[in-house]
Amino acid sequence: QVKLVESGGGLVQAGGSLTLSCAASGRTFSSYAMGWFRQHPGPGEEREFVAGIRRSGDRTHYTDSVKGRFTISRDNAKNTVFLQMNSLKPEDTAVYYCAAAVSDYSGSASDNYAYWGQGTQVTVSS
């Protein structure tokens, strides 16, 4: 089991940057693929896949709307996964969650991720 705690959210102007961090407890962090998801404000909004990274960090994948702007990375020695967000847009406003998956091929489906953090708010003003 792994406990995840996100940090780094906040308020930023459009075009700005933020880096989210997700610290994991336990000594088996490197055995989990990691992902970042977000949930936009409003009733009925579902959790949306943003980016994923494999256990070793050798492969990453992104949803189309963030490609070229966001970068996911991990430091297995520090049990931490990051999401560098550049050129932020108002539509990036959401609660961002990190998640851990046992399978190294978990893709973008939230059901494949067994462990979740509590989320961190990112607000982008226009």
Report yes if the distance between the aromatic ring centroids of Phe37 and Trp116 is under 6.0 Å, otherwise no.
yes

Using the six-membered ring of Phe29, assess whether NZ or CZ of Arg74 lies under 6.0 Å from its centre and within 45 degrees of the ring axis.
yes

Do Val5 and Phe82 belong to the same hydrophobic cluster, where Ile, Leu, Val, Met, Phe, Trp and Tyr are linked whenever their side-chain heavy atoms lie under 4.5 Å apart, directly or via other members?
no

Determine, for Asp104 against Arg59, whether the closest basic-nitrogen to carboxylate-oxygen distance falls under 4.0 angstrom.
no

Linking I/L/V/M/F/W/Y whenever their side-chain heavy atoms sit closer than 4.5 Å, directly or via other members, would Met85 and Val66 fall into one cluster?
yes

I'd like to know if the side chain of Glu6 reaches the main chain of Cys98, judged simply by a donor and an acceptor atom lying under 3.5 Å from each other, with no hydrogens or angles considered.
yes

For Ser17 and Ser87 the tightest heavy-atom approach is OG-N, 4.3 Å

Heavy-atom check, side chain of Met34 versus side chain of Leu4, under 4.5 Å:
yes

Do Asp92 and Lys89 meet the salt-bridge criterion of a basic N to acidic O distance under 4.0 Å?
no

Are any of the side-chain heavy atoms of Gln39 and Tyr97 separated by less than 4.5 Å?
yes

Check the hydrophobic clustering (I, L, V, M, F, W, Y; side-chain heavy atoms under 4.5 Å; chains of links allowed) and say if Val81 and Leu18 are grouped together.
yes

Inter-residue atom distance Ser110.OG - Glu46.CD, 0.5 Å rounding
8.0 Å

Spatial distance of atom OG (Ser106) from atom CZ (Phe49) [nearest 0.5 Å]
9.5 Å

Side chains of Gln13 and Ser125: donor-acceptor distance under 3.5 Å anywhere?
no

